[in-house]
**Q** 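Just dropping this structure here.
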Amino acid sequence: MDDQTRMLASMAGLGGLSQADVSDPDSVRKQQSLGQPPQDIGDILQQIMAITDESLDEAQARKHALNCHRMKPALFSVLCEIKEKTVLSIRGVQEEDPPDPQIMRLDNMLLAEGVSGPEKGGGSAAAAAAAAAAGGSPNDGSIEHSDYRAKLAQIRQIYHSELEKYEQACSEFTNHVMNLLREQSRTRPISPKEIERMVAIIHRKFSSIQMQLKQSTCEAVMILRSRFLDARRKRRNFNKQATEVLNEYFYSHLSNPYPSEEAKEELAKKCAITVSQVSNWFGNKRIRYKKNIGKFQEEANLYAVKTAVDAANVSAQASQANSPATPNSGKVHRKT
DNA sequence: ATGGATGATTGCTA
DNA sequence: TAGCAATCATCCAT
């Protein structure tokens, strides 16, 4: 160990090394008190310093010669040690930084939307939710559904191809830097640990690019969602059968067109829509009927006849004629 | 392209 | 909190 200390001191004394490499004041002091270093090391260092002034070919030859020198491994490790103590300890403070909460949120969202997960995972669930929220008929719903899915798949594809590109570029660049550093480590004090750190730095930089990609993908998905899931935007008329069922109920309960919660559930089930859609429908129907009874008269008569016929059929089939629901021709009575 | 129809939303009331 | 009234946003037949 004493040998090494002396060697270290001698290197510092040669003055050609960068400040970073010899900034340990302790070693400088030691050097001053230790006297003449072995000529051997002095020579080597002189040669190293001279390389910068030489032509490339000469330098290559000198590099090779230095590489084969018997003192090289020892010198190398000492220089690495110094470097480790000075520059790298400052630069590489934040080692294993904890997973960024921002990137975790993005990852979770992309997974939930089925962008980053397996092919037919969350995406279809989200689209199904969209269809359910829209409450349209199965036919209409599936049109929107497939449209949404197609757009989502497009985003997904772009995301994955970009991600792949980034990853490829990252590994290419990392390889390049690693090769470069390995090559340089033949003449410069670069420890494997330092190379490792450099790789980590590169990965961090690339992951920030990745985060940007994730962010913009999330944005695209949000826009898509708001476009497709906004109920007003994707409003679909109920299918004919559903409208018929609702109208039948409305006109056969014209004196009191306020279905109970149970009745609403029943109607919702029959029409394949939600209870709140049934409520909306009745709310709209009541107000619009009341506003212009004349306009709805024809429709009212139609459903009155329809209901009567149905009732007649039922009573004809039944052994006894129970009192059928008599169509009401009266006004809508406000429920108070 | 347009206007009426229609489902959804909002703000309010009792 | 359900329902009303007004309004919005979209659909759809013309």
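All figures in this text were calculated on a predicted structure; none of them were measured in a lab. By convention in this document, chain letters (A, B, ...) are assigned in the order of the sequence lines, proteins followed by strands, and residues within each chain are numbered from 1. Only this structure's heavy atoms are used, side chains among them; waters, hydrogens and symmetry mates stay out.
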**Q** Round to the nearest Å and state the distance from Phe282(A) atom CZ to dG3(C) atom P.
**A**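 Distance check: Phe282(A) CZ to dG3(C) P gives 11 Å.
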
**Q** Would you say that His203(A) contacts Cys170(A) through its side chain, given a criterion of any heavy-atom pair below 4.5 Å between the two side chains?
**A**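 Of all side-chain heavy-atom pairs linking Cys170(A) with His203(A), at least one is under 4.5 Å.
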
**Q** Let's see if you can work this out: which of dC4(C), dG7(B), dA5(C) has an atom nearest to the side-chain heavy atoms of Trp281(A)?
**A**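 When the side chain of Trp281(A) is considered, dG7(B) is the closest of dC4(C), dG7(B), dA5(C).
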
**Q** Are OP1 or OP2 of dC4(C) and a side-chain N or O of Tyr289(A) less than 4.0 angstrom apart?
**A**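 So the side chain of Tyr289(A) is outside the cut-off, no N or O lying under 4.0 Å from OP1 or OP2 of dC4(C).
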
**Q** What is the distance, to the nearest angstrom, from the NZ atom on Lys240(A) to the P atom on dA5(B)?
**A** 18 Å

**Q** Measuring from atom CD1 of Ile195(A) to atom NZ of Lys193(A), what distance do you get when rounded to the nearest 0.5 angstrom?
**A**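 So the CD1 of Ile195(A) and the NZ of Lys193(A) are separated by 13.5 Å.
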
**Q** State which residues pass salt bridge (Lys or Arg N to Asp or Glu O under 4.0 Å) with Glu183(A); sequence neighbours excluded, sorted by chain then number.
**A** Arg186(A)

**Q** Is the phosphate of dC4(C), meaning OP1 or OP2, less than 4.0 Å from a side-chain N or O of Lys291(A)?
**A**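 It does not, given that no N or O in the side chain of Lys291(A) lies less than 4.0 Å from OP1 or OP2 of dC4(C).
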
**Q** Nearest whole Å is fine: how far is dT10(B) C1' from Asn280(A) CG?
**A** 12 Å

**Q** Quick one: Phe250(A) CZ to dT6(B) C1', roughly how many Å, whole number?
**A** 14 Å

**Q** Given atom CD of Glu299(A) and atom C1' of dG4(B), what is their separation to the nearest angstrom?
**A** 14 Å

**Q** What's the CG-P distance between Asn239(A) and dC12(C), to the nearest Å?
**A**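 After rounding, the gap between these two atoms is 12 Å.
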
**Q** Tell me whether the OP1 or OP2 atom of dG7(B) has a side-chain N or O from Lys285(A) closer than 4.0 Å.
**A** no

**Q** What's the separation between atom CZ in Phe206(A) and atom OG1 in Thr174(A), rounded to the nearest 0.5 Å?
**A** 6.5 Å

**Q** Under the side chain to side chain donor-acceptor pair (under 3.5 Å) test, which residues partner Ser171(A), sequence neighbours left out?
**A** none

**Q** If you check the Gln277(A) side chain, which of dT9(B), dG7(B), dG3(C) turns out closest?
**A**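 The nucleotide sitting nearest to the side chain is dG7(B).
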
**Q** Do the side-chain N or O atoms of Arg236(A) get closer than 4.0 angstrom to the phosphate oxygens (OP1, OP2) of dC11(C)?
**A**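 Answer yes for this pair, as a side-chain N or O of Arg236(A) is under 4.0 Å from OP1 or OP2.
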
**Q** Is it the case that the base of dA5(B) and the side chain of Asn237(A) share a donor-acceptor contact (distance under 3.5 Å, atom types as modelled)?
**A** no

**Q** Rounded to whole angstroms, how far apart are CZ on Arg288(A) and P on dT6(B)?
**A**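 Taking CZ of Arg288(A) and P of dT6(B), I get 8 Å after rounding.
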
**Q** Could you tell me whether Lys264(A) contacts a base, only the sugar-phosphate backbone, or nothing, with contacts defined as non-hydrogen atoms closer than 4.0 Å?
**A** sugar-phosphate

**Q** Asn284(A) has an atom CG; how far is it from atom P of dT10(B), in whole Å?
**A** 14 Å

